[in-house]
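Here's the structure we're looking at; comments come further down.
Protein chains get the first letters and strands the later ones, always in sequence-line order, with residue 1 at the start of each. For the numbers below, each heavy atom of this structure counts, side chains included, while hydrogens, waters and symmetry mates do not.
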Amino acid sequence: MIEKALAGNRFYWSWITILLALVSLGVYSYSQQLTYGLTVTGMGRDISWGVYIAQFTFLVGVAASALMVVLPYYLHDYKEFGKIVIIGEFLAVSAATICLLFVIADMGHPSRVFYVLLYPHPKSMVFWDVQVLNGYLLINIVSGWTVLEAERKGVSPPTWVKPIIYLSIVWAVSIHTVTAFLYAGTPGRHLWLTAVLAPRFLASAFAVGPALLILISFILRKFADFDVGEKAIHKLTTIATYAGIANFFFVGAEFFTAFYSNIPGHKHSLEYLFFGLDGKYQLVPWMWFSMIVGIVSVMILLYQQRRPSKKLLIAACTGIVVSLWIDKGIGLIIGGFVPSPMEEVVEYFPTFIEITVTLGIWAIGLLILTALLKVAVAVKKAT
Amino acid sequence: MIRKVPRGSMMNEKPLIFAGLAVFLLAFSYPFWQSTEDEDIPQIAMQTKGEECVAPVEYMRKNHMKLLDIWRDSVVRDGDRFHIMPDGSKVEKSLTKTCLDCHISKEKFCEECHSFASVKPYCWECHVVPKIGSHTELSGIDDVEENKQNLLKNLLARNKPLAESKQSLNKGGQ
Amino acid sequence: MIQNRRKFLKKSAGLIAGAGVVSGFISKYATGFAKASTEKAASGKSIRWGMVIDMRKCIDGCVKCIEVCHVTHNVPEFDNPKDEIKWIWKSDYAKVFPSKDQQFVSEETRQKPFLSLCNHCADPPCVIVCPTGATFKRKDGIVEMDFHRCIGCRFCMSACPYGSRSFNWRDPRPAIENITPEYPTREKGVVEKCNFCSERLAKGQQPACVEECPENVLTFGNLYDKNTEIRKILKENPTITRKPELGTNPSVFYIT
Ligand code: SF4
Ligand code: SF4
């Protein structure tokens with residue numbers, strides 16, 4: 001089946017070439033990082049996690065969002081998702097893969113990665129995160145691939161995948177919850193030490209995932225002549241809308257708690273992110289951009305319920321993805337470190353090496369996604 | 001959606017694939033299961049002081065890395081720093097202070113064999129190679145005074161400007 | 001108010017986590033807070049090393065304890081603050097005690113240099129989050145690093161609420177002028193911090209900083225032994241610890 005990924009037109013191959021070029025650049029930069037250590041990144045004593053961990057957090061959400069197509073299709077028998085469910089699962093596979101790559105890219109001692117299993121410490125959330133992410137990856141590869149293979153052969157999928165698919169539903173929630181617990185359990189970081197972090201993570205994931213799926217659907221319609229169906233897109237729009245609303249509701253709740261209670265620690269990080277602290281305001285424009293674009297996009301999506309328009313839909317979905325990427329992929333992690341435990345305000349600038357490694361890993365994800373979707377579309381079209 | 005005739009299957013290719021896989025695995029794992037004859041191993045220049053080793057030589061030849069692993073865990077994690085010799089005496093569980101006290105040359109004792117076996121232990125990334133003959137029994141316990149002097153020398157060497165500019169600080173110390 | 005809120009958050013997070021995944025968690029969070037670990041003496045543990053820092057006696061500008069610590073433990077000195085590694089250092093009072101009330105406090109007091117080091121917390125968050133046990137608490141209360149096991153995930157740095165931990169962003173050896181051979185250096189990619197001189201304690205010596213201080217600012221001893229000097233000082237003087245509201249139960253006390 002995999003051989004289907006090796007047939008494509010010139011456009012397909014140029015896309016693959018661009019991605020491969022980015023991957024090689026990333027590999028080169030990573031070799032630099034291995035030689036000189038993480039000093040080649042913008043991270044330092046005060047801001048000790050940067051873009052790598054931020055991308056990881058964002059992508060766990062993307063991976064978890066497959067839930068939003070698997071659940072209606074398999075549990076509620078929502079037939080319209082018949083074509084998109086495999087896309088959701090394969091999106092999860094590629095996202096989960098690069099999540100793991102980002103974790104490794106961030107490690108000071110990557111050769112010791114197996115110590116996490118060799119000396120397991122179940123009290124550490126990292127231990128659970130590694131378990132659930134790998135498990136989720138496996139579940140999605142197995143279930144997605146088996147169902148597709150069965151479809152290709154024109155038989156119904158073996159009965160043993162059903163329980164696995166149901167498991168993937170619970171599992172999807174667990175990966176993002178455990179990821180939120182990584183942060184929500186640290187006593188000194190006020191931005192993270194909040195019980196709404198896990199729900200907020202899930203809400204933003206369930207907004208970003210469907211939005212991405214809508215965008216992918218349009219891309220497939222244009223370049224692969226493959227239509228997932230108007231109804232499916234409409235349903236996804238609804239899901240993204242209400243998840244988006246929930247997300248911004250949680251953000252609002254954070255603001256209320258911090259500023260109404262007036263507890264300095266709780267306010268500091270939000271102040272830094274949205275207004276600047278101690279004359280440092282590097283992230284302020286980003287955060288406002290994210291906030292405004294996000295809210296406007298959600299409003300457009302809401303309007304789409306009544307009067308669908310393809311252009312506006314694409315714009316709004318892009319807006320949601322960009323907005324929540326900034327929120328989770330930049331603000332949440334960096335903001336958590338400012339101010340430092342000793343009330344220092346230090347700013348963080350990712351370096352060229354760091355950015356190229358990040359791009360390289362993203363490119364790996366896109367390569368995997370492209371290949372998998374190519375196979376999926378070929379099979380779906382043939383049946 | 002369900003089609004009656006399955007397309008050309010890969011079934012008949014399966015034996016071939018597995019055979020290929022088996023050959024690859026065998027070749028790949030060759031270094032792990034092939035046996036090395038004893039005479040292949042370079043004769044290590046022991047250069048010992050002639051005292052007894054912490055464990056029988058045969059055991060050490062094969063398992064010194066395990067012993068060092070056990071030592072380091074018990075020193076770092078359990079704070080258990082002494083190894084009891086067969087005669088009841090104590091030695092420090094220490095590569096630099098005990099092993100290399102007898103086998104005084106790291107080049108000859110460690111490296112010849114390691115480069116032959118192409119293994120690269122990372123001990124020396126952090127641990128400091130002792131100067132030949134620098135060691136004294138259970139260092140630190142009997143030589144507190146000497147250690148202190150060394151430390152002070154180091155301290156002053158690293159902080160010349162400090163030592164000069166903040167003379168008042170040195171009043172109490174020296 | 002703030003304390004209750006934090007405890008509540010911590011407790012609810014703990015309960016959710018426990019219900020979801022870890023059973024070990026439940027006992028940890030359900031058996032109550034501060035008291036459990038401060039009064040461990042009864043539970044058979046006989047040593048908990050601790051330190052009292054009498055800042056009234058500390059001389060402005062003196063850095064002897066810092067120097068001796070950093071030389072003893074081969075702590076490198078980097079120019080770029082991003083790469084900085086420190087085990088013990090001085091910082092403004094207002095920064096070491098950010099949750100202390102700063103109203104009507106003179107600028108002088110706010111900026112008075114205070115010693116800052118790992119607190120060897122009785123309930124250390126850094127230990128809980130470490131995925132490999134590279135950071136662990138010894139029976140005598142010292143929170144120790146096992147450099148052989150650290151994978152460099154820096155989770156402990158996020159979890160420590162005192163900024164006590166440093167990471168080796170680059171190879172430290174070139175930045176150590178004179179290596180002290182008795183103590184190892186570190187590789188790039190691992191975390192390090194104050195170890196209460198556990199290697200000296202093993203030989204029956206006091207921590208280097210305690211021994212070096214000309215003014216006897218630092219007192220080190222067993223907090224579980226009622227007859228020690230440190231307990232006497234704790235009994236006779238009002239002392240404070242850093243961010244007590246977080247429930248980490250520091251073993252380093254300050255007389256201000
Ligand atoms: S001060 Fe920080 S590093 Fe030290 S024990 Fe407490 S939490 Fe851990
Ligand atoms: S950086 Fe090292 S010590 Fe810190 S949590 Fe990770 S493995 Fe543990």
Chain A interface, residue from C:S158, C:P161, C:S166, C:S164 that has the most non-hydrogen pairs under 4.5 Å: C:S158
Any donor-acceptor pair under 3.5 Å from A:T39 side chain to C:R170 backbone: no
Salt bridge (charged side-chain N to carboxylate O under 4.0 Å, His left out) between C:E144 and C:K139, intermediate numbers included: CA-CA 11 Å; C:E144 181 84 278; C:K139 287 194 204 76; over 6 Å; no
Chain C contact via A:R45 - side chain, backbone, both or neither, heavy atoms under 4.5 Å: both
Interface residue of largest heavy-atom contact number with chain C, from A:G188, A:G42, A:A198, A:G108, under 4.5 Å: A:G108
OH (A:Y119) with more than 12 external heavy atoms under 6.0 Å: yes
C:E192/C:R186 salt bridge by N-O under 4.0 Å criterion: yes
Side chain C:Y254, main chain C:L115, donor-acceptor under 3.5 Å: yes
Under-4.0 Å salt bridge between C:D140 and C:R138: yes
All pairs passing ring-ring contact (aromatic ring centres under 6.0 Å, His included) where residues 134-165 of chain C contributes a residue, at least two apart: A:W49-C:F155
Centroid-centroid distance, A:F181 to A:W192, less than 6.0 Å: no
A:Y36 six-ring face occupied by C:K188 cation (under 6.0 Å, within 45°): no
SB check A:R200 A:D327 (cutoff 4.0 Å): yes
Winner by heavy-atom pair count (cut-off under 4.5 Å) against chain A, out of C:S116, C:P125, C:G133: C:G133
Ring center gap for A:H121 and A:F127 short of 6.0 angstrom: no
Neighbours of chain A found in residues 82-104 of chain C - heavy atoms under 4.5 Å: C:K82, C:D83, C:E84, C:K86, C:W89, C:S91, C:K95, C:V96, C:P98
Engaged part of C:R242 at the chain A interface, taking heavy atoms whose separation is under 4.5 Å: side chain
Selection from A:V116, A:D106, A:V132 maximising heavy-atom pairs under 4.5 Å formed with chain C: A:D106
Options A:S174, A:G37, A:S48, ranked by heavy-atom pairs under 4.5 Å with chain C, top entry: A:S48
Contact origin within C:C126 toward chain A - heavy atom pairs under 4.5 Å: neither
Max heavy-atom pair count under 4.5 Å with chain A, selected residue of C:P81, C:A134, C:A159: C:A159
Toward chain C, the part of A:L34 with a non-hydrogen atom under 4.5 Å: backbone
Top of A:L182, A:V130, A:V346 for chain C proximity - count of heavy-atom pairs under 4.5 angstrom: A:L182
